[in-house]
Amino acid sequence: MSAPLAESRFADRREALEAFLAARAEAQAARLLEIRPLSGGAIQENWLLEADFDGGRLAGRHDLVLRTDAPSAVPVSLSRMQEFAVLRAAWQAGVSVPEPLWACDDPAVLPTPFFVMRRVNGVALAHKVVRDSSLGGDRQALAERLGGELARIHSIRPPHPDLDFLPLPEPDPARAAVVRYRRYLDALG
């Protein structure tokens, strides 16, 4: 069953969230068996949703992750809808990211915009991955894997129809960075 904290956070929205999930999965119904917060979200909240779908594209039980805004925000962060678009573009390019499923900014479902993605197992803490050779194989294999991931990320080239909210890169990014840092240093006094 759901943790008490999760129950209090989603208690009045559970039915709306289940209806949203069912509609998006084209299922007769969706039942949330568990809702609990996941650790590690410094700026956004991540919630485990153990969902059971009656029919539709995701018939059966699935572990999903709902990502939404935390009470505090960082102004330079992407919105959840923008983050979903970036995640979808990365997924389509073959980057090893959780499959993005659905995004929603309807306050009748949840008061803050959110998106739902598949849950994947693993460790994302860089300091652990780099130091523990049981994560990612030997260091040579890890470096090769990361290089492949970067190549797939770099295959997403602007202009990209779903990512028009991202600024286009400077024609000479190195020179632009030097100018930006000089301005920053000059302003320090």
Side-chain angles (χ1 to χ4, degrees), residues 3 5-6 9 34-51 62-105 110 112-160 162-170 172-185 188:
L5 174 64
R9 172 79 157 87
E34 181 177 9
I35 304 171
R36 68 176 162 85
L38 295 171
S39 62
I43 298 172
Q44 279 76 40
E45 290 183 357
N46 297 299
W47 295 83
L48 172 69
L49 304 179
E50 185 182 326
H62 295 272
D63 284 345
L64 308 173
V65 173
L66 182 147
R67 187 163 167 85
T68 190
D69 293 332
S72 61
V74 176
V76 295
S77 292
L78 295 176
S79 73
R80 295 304 60 77
M81 299 302 105
Q82 292 170 330
E83 186 178 10
F84 180 78
V86 169
L87 188 64
R88 187 174 49 214
W91 170 261
Q92 291 168 346
V95 180
S96 296
V97 297
E99 180 184 3
L101 297 172
W102 315 292
C104 180
D105 59 2
L110 288 181
T112 57
F114 68 93
F115 66 86
V116 177
M117 59 188 155
R118 289 191 188 269
R119 180 174 186 256
V120 294
N121 291 322
V123 175
L125 299 170
H127 70 277
K128 284 189 177 186
V129 173
V130 170
R131 291 186 181 130
D132 186 346
S133 62
S134 71
L135 301 171
D138 67 58
R139 302 304 82 185
Q140 179 70 28
L142 177 61
E144 289 173 10
R145 172 90 191 266
L146 291 173
E149 294 295 329
L150 284 171
R152 285 185 280 285
I153 290 169
H154 285 280
S155 75
I156 306 167
R157 312 275 310 169
H160 191 285
D162 297 332
L163 304 178
D164 59 353
F165 56 87
L166 294 174
L168 291 174
E170 298 283 339
D172 186 346
R175 190 173 310 280
V178 169
V179 168
R180 188 172 51 251
Y181 290 129
R182 278 191 175 154
R183 269 193 234 127
Y184 172 74
L185 289 171
L188 284 176

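What's counted below: heavy atoms across the whole structure, side chains too, no hydrogens, waters or symmetry copies.
- Considering every non-hydrogen atom in both Val120 and Pro98, the closest pair reads CG2-CG, 4.0 Å.
- By the neighbour-count criterion of 12 heavy atoms within 6.0 Å, atom CZ of Arg175 is sparsely surrounded, having that number or fewer from other residues, nucleotides or ligands.
- A salt bridge is absent between Glu45 and Arg67: the closest approach of a Lys/Arg side-chain nitrogen to an acidic carboxylate oxygen does not fall below 4.0 angstrom.
- In terms of heavy atoms, Arg139 sits closest to Ser133 at NH2-CA, 3.2 Å.
- With contacts defined as side-chain heavy-atom distances shorter than 4.5 Å, the pair Val86/Ile156 does not qualify.
- Residues satisfying the side-chain contact (heavy atoms from CB on, under 4.5 Å) criterion with Val178, sequence neighbours excluded, are Arg182.
- One finds the SG atom of Cys104 at 9.5 Å from the CG atom of Leu66 (value rounded to the nearest 0.5 Å).
- Evaluation of the side-chain hydrogen bond (donor to acceptor under 3.5 Å, both in side chains) test over residues 86-101, restricted to residues two or more places apart or in two chains, returns Ser96-Arg145, Ser96-Glu149, Glu99-Arg118.
- Heavy atoms only, all atoms of each residue included: Phe84 and Pro100 are closest at CE1-CB, 3.4 Å.
- Within the 4.5 Å cutoff, the side chain of Phe165 has heavy atoms near those of the Leu78 side chain.
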For a side-chain contact (heavy atoms from CB on, under 4.5 Å) check, start with the C-alpha distance between Met117 and Leu101, then their side-chain angles and the critical distance, and finish with the verdict. CA-CA 5 Å; Met117 59 188 155; Leu101 297 172; 5.5 Å; no
Verify side-chain contact (heavy atoms from CB on, under 4.5 Å) between Gln44 and Ser77, making sure each step is shown before the conclusion. CA-CA 10 Å; Gln44 279 76 40; Ser77 292; 4.2 Å; yes
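- In this structure, Phe114 and Met81 approach most closely via the heavy-atom pair O-CE, 3.3 Å.
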Run the side-chain donor-acceptor check on residues 124-132: report pairs under 3.5 Å with partners two or more places apart or on a different chain.
unit_1 : atom_1 : unit_2 : atom_2 : d
Asp132 : OD1    : Ser134 : N      : 2.9
Asp132 : OD1    : Ser134 : OG     : 2.6
Asp132 : OD2    : Ser134 : OG     : 3.2

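- In this structure, the side chains of Arg119 and Leu48 come closer than 4.5 Å at one or more pairs of heavy atoms.
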